[in-house]
Amino acid sequence: MRIKVDTEKCEGHNRCFVVAAELFELDDSGYAHEVGDGKVPAGLEEKARLAVTNCPEQAISIDEDK
Amino acid sequence: MTTEPAKTHTEPVKDWTTDYDIFDPGYIRDPFPTWDDLREKCPVAHTERWGGSWMPTTYEDLRKIAADIEIFSSRNPLVANVGEPTEEVMADLENQFSVGAPPISSDPPVHTWSRALLLPKFSIKEVARYEEETRELCRSLIDRFIDKGRADAAVDYAQQIPSRVIASMLGIPQERAGEFTEWVRGFLEYGLTNVDLRSGAAMQIFSFLNEQVQERKANPGDDLISYLLQAKAEGAPDPIPEPHVLGTCFLLLVAGIDTTWSSIGSAMWHLAQNPDDCKRLIDEPELITPAVEELLRAYSPVTMAREVTRDAQYNGCQMKENDKILMNFPAANRDPKKFENPDQVILDREVNPHIAFGVGIHRCAGSNLARMEMRVAIEEWLKRIPEFRLEDPEAVTWAGGQVRGPRKCAVVF
Ligand code: HEM
Ligand code: SF4
């Protein structure tokens, strides 16, 4: 599974970071970025999905098969 | 220029789809059934009251309108339009301070850099610096009433917190918190429907902040005003013009106090009536994070406004240039199409993309601060007062309009 933040859409609500700090990092202004290449380590899939559904900007996409 | 007095009639509403009244006392106390009704019958309602406006109530419409910044401008985010200040007052405000409250009252490009200036000071990390003093503040407030077995959770607690935290960030003496809380209420609450009160309050806030800015220019410190006076951001003038700094400080006071006080107050009002939720928060302390989001969703305090920049059709409504749109984020957060059982407060709700802090480019810059204050306020209260209830549910009073929350909320314990 792989996740990606669309930085054009992200407005820095920081909800993704709060539900899944392992998967996202924030810059100094609070805009989010996926950690590394966005690959979701085994066991964190549910957290990744929660980050997606809690983002008010619908800025995070998920690819289940990568 | 004197404008026509706006239509401010207060006859009872017969049809909420064409004649809603956001200041109707029954609506302020319990707006939820009205929103449900409007979402079904007329998702973008209209009224001529209070200067006229449109009011969307679905999650989808709120997101779409917030995204379309070309047509829906933030040049005047106040929800009522009861006329402009007199020419004299306007000239005074402009000559002395140059009015405005960027970034909230601006569109790009000014919005982009004025927001960029603020964000680094409101990140999760920066805000954490104020957590310990917020805790101490909460404890000292509780000390004042714990032995009495009774307190007004809105007045003696919720109201006291955000004003002092923002004072501390701005480097303003905390002793003056009571004074500027009243000015902010004058602007956002009593003054919303009374232009003289509103401009009087604005004048007081600007004069006070202007003294502080002059002070900081002479003696810079480790505070937000000093930071803004020398801050840099891409696209921003260097240095930031003083009137801009003043306008931003004005916004921080106005946007940070009534709002957070209301959300803490609503949380206390909810907990006072739901002992099971108190118990869960005590037994499972990690629940506080989703619980804060859920309380924000269910009791979202803030409605902002937009102004239509040119005649446009939106969702079957013919909107005209300068029409006002009320950004009813609170109603969107109760939309059953988006949230399961929206009227139930579910502390550990898993899927909760609420927009209590807005959505799009104006997303609340203070959201991390507000969340920290709510979390700390609830935690410290429950540590000392795990069981409490409303003294008299009928005696609770609410303010509404721009910001909804309890203004009197006596509890016993
Ligand atoms: C629970 C408390 C709060 C709520 C519900 C809230 C809500 C909102 C909302 C809905 C907006 C969006 C306005 C729009 O779309 O026009 C906003 C903007 C803003 N808020 Fe808050 N707010 C809260 C607390 C705070 C605090 C504590 C501060 C800072 C001290 C703050 C500072 C701001 C600023 C600077 C903006 C303008 C952002 C921009 O236009 O880019 N707010 N707030
Ligand atoms: S929740 Fe969405 S908008 Fe917020 S920081 Fe994460 S990606 Fe950005």
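Reckoned from all heavy atoms, side chains included, excluding hydrogens, waters and symmetry mates.
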Please list, in residue-number order, every residue in [range] that has a heavy atom less than 4.5 Å from any heavy atom of chain B; write 'none' if there are none.
| range | answer |
| --- | --- |
| residues 48-55 of chain A | Leu50(A), Thr53(A), Asn54(A), Cys55(A) |
| residues 12-28 of chain A | Gly12(A), His13(A), Asn14(A), Arg15(A), Phe17(A), Val18(A), Leu26(A), Asp28(A) |
| residues 3-11 of chain A | Glu11(A) |

Would one find more than 12 heavy atoms of other residues, nucleotides or ligands at under 6.0 Å from atom [atom1] of [X]?
| X | atom1 | value |
| --- | --- | --- |
| Glu340(B) | CD | no |
| Glu284(B) | CD | yes |
| Lys125(B) | NZ | no |
| Asp283(B) | CG | yes |
| Glu350(B) | CD | no |

Separation of Ser29(A) OG from Glu126(B) CD (nearest 0.5 Å): 11.0 Å
Report which part of [X] has an atom under 4.5 Å of a heavy atom belonging to chain A: side chain, backbone, both, or neither.
| X | value |
| --- | --- |
| Ile355(B) | side chain |
| His362(B) | neither |
| Glu293(B) | side chain |
| Phe122(B) | neither |

Please find the pair of heavy atoms, one from Arg63(B) and one from Pro56(A), that lie closest to each other, and give the distance. NH1-O, 3.0 Å
Salt bridge (charged side-chain N to carboxylate O under 4.0 Å, His left out) contacts in which one or both residues fall within residues 52-62 of chain A, not counting sequence neighbours: none
